[in-house]
Amino acid sequence: MASKEDSTTGHAEAPASPADNAEEPTTTNAEEPTTTAADNDAHETPSAPVVGIGASAGGLEAFKALLHALPEDTGMAFLLVQHLAPTRESLLSEIMARETNLPVQEAEDGAWIAPNHIYVAPPDHSLAVRAGRLQLTQGSRRERAGSEHRELPIDFMLRSLADEIGPAAIGVVLSGTASDGTLGLKAIKAAGGMTFAQDEDSAQYFGMPGNAIASGAVDFVLPPAEIARELGRIARHPYLLDRGGRTEGEEDPGASTDQLTQVFRLLRARTGHDFSYYKHATIKRRLKRRMLLSKLDRFRDYLEYLRSEPNEVDALFHDITINVTAFFREQKTFDALRDSVLPTLLKGRAANETLRIWVPGCSTGEEPYSLAMVLLEALGSQPSIPVQIFGTDIDEQAIERARSGIYPSRISGEISQGRLNRFFHEVSGGWQINKSVRGLCVFAPHNVASDPPFSRLDLICCRNLMIYLGSTLQRRVLQIFHYALKPGGFLLLGASEGIGSSSDLFRLEDKEAKSYAKQSTSSTPTYEFAPARREPDREPQGDAHEPGGRSESEIRKEADRAVLTLFSPPGVIVTRDLTVISFRGKTGRYLEPLPGTASLDLVKLIRQEILVDLRNLFKRALKSDEPVLKTGIELKVDGPRSELSLRIIPLAKDALERFYLILFEEHPVHGVESGSASASASNGAQEDQERDSKERDSDADQARIAKLEKELEETRAYMQSIIEDQESTNEELQSANEEVQSTNEELQSTNEELETAKEELQSTNEELATVNDELEHRNAELTSTNNDLRNLLSSVNLPILMLDRDLRVRQFTPRAKRLFNLIDGDVGRPIGNLRPNIDLPRLEALAHEVMESMAVKRLETEGEKGKTQDVTLRPYRTHDQRIDGVVITLFDRDQPTP
């Protein structure tokens with residue numbers, strides 16, 4: 001999920017399969033509901049899994065071997081596509097019919113797909129599946145939606161299976177050249193289906209299977225006969241028998257909630273990423289897929305396998321965050337980017353103001369590089385403004401591939417030839433992004449759900465990541481995006497995604513391109529970059545051996561709920577800012593919503609006669625972090641007067657986010673009943689009774705006055721404390737504002753310095769790299785020259801001695817060693833320290849004269865055995881004609897001329 005969703009994500013960049021959307025639709029705008037396969041009345045899906053098999057050169061023998069070993073009762077339908085000459089009649093159907101007892105027929109447009117049948121694509125036609133029927137398209141008109149490029153026939157067929165039936169799709173690529181089928185297998189794997197490729201030993205041509213295997217999209221690599229047997233095995237696996245067609249509330253035969261929690265713990269311990277906020281329906285489907293690959297039918301067995309095999313946890317992680325993306329995917333988005341988003345962002349922008357873009361869940365980098373290419377086309381090859389594109393994902397392997405910028409040759413089907421020539425150069429086995437494009441993009445591992453985001457962004461392009469996230473995490477991620485964007489910044493989402501309940505944060509700009517603009521909000525949303533980890537709510541697990549299938553623990557829980565309903569006081573659970581998140585019991589006597597926009601702010605919900613006491617008490621609870629109680633609050637609502645007690649209890653003290661339980665405990669006030677006077681009582685008794693009544697009334701009035709004075713004093717004290725707190729808060733805010741401004745200025749200055757330093761460092765690195773290349777080249781030349789010189793000196797049959805400017809030994813030939821009494825270690829020794837075997841008394845003086853006069857000196861001397869030696873001293877000249885020493889040559893006059 002970035003999936004690379006990241007992702008969380010970021011991570012994964014795969015399009016949702018129809019089954020994914022059908023089980024748990026992603027949240028979208030109210031005005032733009034997401035339609036799914038299940039919602040469309042006209043949409044039918046095949047009643048059986050469909051296997052798409054493609055081959056090219058050498059594929060006939062592979063087809064025959066596969067069908068010959070194929071069981072007859074798999075319940076699957078099979079589509080065969082081979083690269084055929086468009087003008088030649090195909091005999092493939094007749095040949096295949098001899099290898100199997102299954103019905104084999106040439107595909108007809110509009111025919112219903114039946115299980116245990118084989119359909120062969122005719123020449124010059126592409127075969128696909130649409131609404132449960134076969135669809136034939138002439139090869140010359142076969143184009144991918146939203147693309148200027150034709151799609152290869154095997155890719156075309158496999159993509160249609162991925163789009164139509166998702167997890168029930170199976171792709172097989174057999175012998176052939178080039179790379180047809182690779183993109184189709186990647187689409188099937190992203191949709192949750194199974195993928196096969198022929199192994200190298202059995203394939204006559206390994207180009208097509210090899211490309212598919214190298215892409216990481218293949219689950220099984222087997223010979224054709226083994227592929228057939230494996231298809232027979234998986235045909236009876238629960239993963240294919242249960243393809244997500246359950247209704248809401250129907251029991252899932254796969255992982256229970258408790259088992260799913262254990263899987264999340266294993267993933268978190270192994271990878272550091274928490275998937276408990278992802279859509280559980282998608283996670284369960286991926287788990288079933290891994291069970292099929294691991295050849296396990298029961299989930300508890302797979303859970304034990306996960307515990308014992310850490311590598312399987314890694315494989316599950318990569319299966320969840322499957323990296324499936326493409327260059328210029330959903331062309332409408334890039335058209336909107338070029339025509340409306342970029343002009344708006346560039347309007348009035350200063351030349352030194354950097355355009356900052358973030359692509360969370362970037363997978364292997366195709367999306368950031370596509371954005372960079374569009375930007376360079378809009379701005380020119382030398383952008384007039386700085387551009388930074390940040391690509392992030394939770395899959396570090398995908399990030400490394402993105403950094404390299406190397407992609408297989410098949411991308412020529414996604415990118416126009418003009419863009420290939422301008423932005424790519426060919427390397428061994430594919431294409432590499434040019435340095436001008438790579439220089440705009442920075443890639444880093446990042447979890448959009450937990451790591452701090454980038455800031456001051458102009459554009460966030462997060463496409464096909466949100467479809468994997470649950471509604472809670474979707475809302476949190478959208479809040480993070482709102483925080484990260486500049487005012488007026490844009491958010492781009494995928495075709496099947498929307499902002500759901502976050503319409504207060506973003507405004508829809510282009511419905512087709514799914515572009516949104518950041519909205520200003522009256523109140524700052526709460527941003528939490530590290531969500532508290534939670535486990536899924538446990539579902540009651542019944543015991544089949546107990547009456548009614550209900551356990552004793554369930555009965556106790558139900559009894560506890562009944563007691564709490566009858567005897568517990570009503571109340572609400574609120575956050576620190578008094579936002580209600582839960583109502584408990586009947587709270588209608590204490591809440592009175594104000595007219596206007598609906599709100600869960602308790603200050604706007606509580607009855608006004610309770611508000612002051614509630615504020616004062618809640619403030620005490622915040623300060624003390626202990627339960628607090630306020631009694632004697634007078635309340636009169638639709639009946640006799642009563643007294644109310646407010647109790648506030650802090651909850652989850654060790655959690656990242658604090659919550660508080662507010663309870664309303666009401667007590668009726670009973671009036672004093674006077675006894676009836678007896679008819680036979682005396683007049684004195686009546687007078688006493690009247691006197692007592694007046695005294696009681698007086699006492700009641702005095703008590704009421706005292707109570708009102710006490711409430712007034714408390715209110716004054718509360719108001720005074722509010723005023724003092726407000727003044728103190730204002731001072732702190734003013735001080736904090738000044739500090740923030742100062743810090744911002746320092747940070748801005750530091751950022752500018754860092755940017756300058758970065759540019760200088762990059763420039764220095766480039767210069768160093770250039771110098772290093774030059775030095776390596778010169779070292780190679782020097783080594784070669786030294787070798788030449790050594791071989792030359794050793795081959796010359798003359799005594800030659802070279803001296804430097806200080807008359808130290810520089811080089812000498814083997815014959816000069818004996819005459820001048822030299823050894824190999826004498827290089828660098830002054831000539832005056834040597835004792836030559838010939839008579840040269842003025843050698844040093846003559847050498848100085850030669851260097852000063854730059855003239856050649858010649859003399860005769862007596863050598864060994866009385867032989868006469870001609871000695872020549874010449875100046876040592878450098879390539880720039882400087883004198884840097886002396887070359888001494890000796891010639892034996894008596895030696896015959898060769």
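Please read all numbers here as calculations on a predicted model, not as lab measurements.
- Under the 4.5 Å side-chain criterion, counting only non-hydrogen atoms from C-beta, Gln204 is not in contact with Leu174.
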His83 and Asp180: CA distance, side-chain angles, deciding distance, side-chain contact (heavy atoms from CB on, under 4.5 Å) verdict:
CA-CA 10 Å; His83 294 171; Asp180 191 11; 2.6 Å; yes
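- Rounding to the nearest 0.5 angstrom, the gap separating the CG atom in Leu292 from the CG atom in Asp219 is 8.5 Å.
- Minimum heavy-atom separation, Trp112 to Ala131: CZ3-O, 3.9 Å.
- Side-chain contact check for Leu67 versus Leu80: some heavy-atom pair is nearer than 4.5 Å.
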Between Met157 and Leu152, does the side-chain contact (heavy atoms from CB on, under 4.5 Å) criterion hold? Intermediate values first, please.
CA-CA 9 Å; Met157 180 262 294; Leu152 298 173; over 6 Å; no
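- With hydrogens and angles ignored, the 3.5 Å screen pairs a side-chain donor or acceptor of Lys514 with a backbone N or O of Ala495.
- Looking at Glu497, its side chain does come within 3.5 Å of a backbone N or O of Asn464 through a donor-acceptor pair.
- Counting non-hydrogen atoms of neighbouring residues, nucleotides and ligands closer than 6.0 angstrom, the CZ atom of Arg300 reaches no more than 12 such neighbours.
- Pro49 is listed as a side-chain neighbour of Met76, based on a closest heavy-atom distance under 4.5 Å.
- Heavy atoms from other residues, nucleotides or ligands lying under 6.0 Å from CD of Gln105 number more than 12.
- Across Val359, Leu493, Leu491, a single residue satisfies side-chain contact (heavy atoms from CB on, under 4.5 Å) together with Cys461, and that is Val359.
- In this structure, CD1 in Ile227 is found 7.5 Å from CG in Asp199, a value given to the nearest 0.5 Å.
- Note that the OG1 atom of Thr195 and the NZ atom of Lys186 stand 11.5 Å from one another [nearest 0.5 Å].
- Without hydrogens or angle criteria, Asp319 side chain to Ala315 main chain gives no donor-acceptor distance under 3.5 Å.
- The aromatic rings of Tyr119 and His117 lie parallel to each other, their planes meeting at an angle below 30°, with 60° marking the opposite boundary.
- For Ala228 against Leu66, the heavy-atom pair with the smallest separation is CB-O, 3.2 Å.
- Not a single donor-acceptor pair under 3.5 Å links the side chain of Thr74 to the backbone N or O of Gly232.
- Closest approach of Pro224 to Ser202, counting heavy atoms only: CD-OG, 3.6 Å.
- The heavy-atom pair separating Leu134 from Asp109 by the smallest distance is O-OD1, 3.6 Å.
- Two residues are said to be in side-chain contact when any heavy atoms from C-beta on lie closer than 4.5 Å; Asp393 and Thr364 fail this criterion.
- In plain terms, the two heavy atoms of Ser93 and Val104 that are nearest each other are O-CG1, 3.6 Å.
- The number of heavy atoms from other shown groups lying within 6.0 Å of OH (Tyr205) does not exceed 12.
- At least one donor-acceptor pair under 3.5 Å links the side chain of Gln198 to the backbone N or O of Ser175.
- In this structure the side chain of Ile95 reaches within 4.5 angstrom of the side chain of Leu60, judged on heavy atoms.
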Could you please spell out the steps behind the side-chain contact (heavy atoms from CB on, under 4.5 Å) verdict for Ile234 and Glu230?
CA-CA 6 Å; Ile234 66 176; Glu230 190 65 26; 3.9 Å; yes
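- Using bins of under 30°, 30° to 60° and over 60° for the plane-to-plane angle, the ring pair Phe327/Tyr407 lands in the perpendicular bin.
- When atom types are taken as modelled, the side chain of Arg463 and the backbone of Thr333 share no donor-acceptor pair closer than 3.5 angstrom.
- Here the side chains of Phe220 and Met194 are in contact, with some heavy-atom distance below 4.5 Å.
- Looking only at distances, a side-chain donor or acceptor of Asp155 sits under 3.5 Å from a matching main-chain atom of Gly184.
- Between Ile154 and Met208, the shortest heavy-atom distance links the atoms CD1-CE, 3.5 Å.
- Within the 3.5 Å criterion, the main-chain N or O of Met466 finds a donor-acceptor partner in the side chain of Gln474.
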What verdict does the side-chain contact (heavy atoms from CB on, under 4.5 Å) test give for Phe317 and Ile394, after you've listed the backbone C-alpha separation in whole Å, the side-chain angles of each residue and the deciding distance to 0.1 Å?
CA-CA 10 Å; Phe317 169 75; Ile394 63 173; 3.9 Å; yes
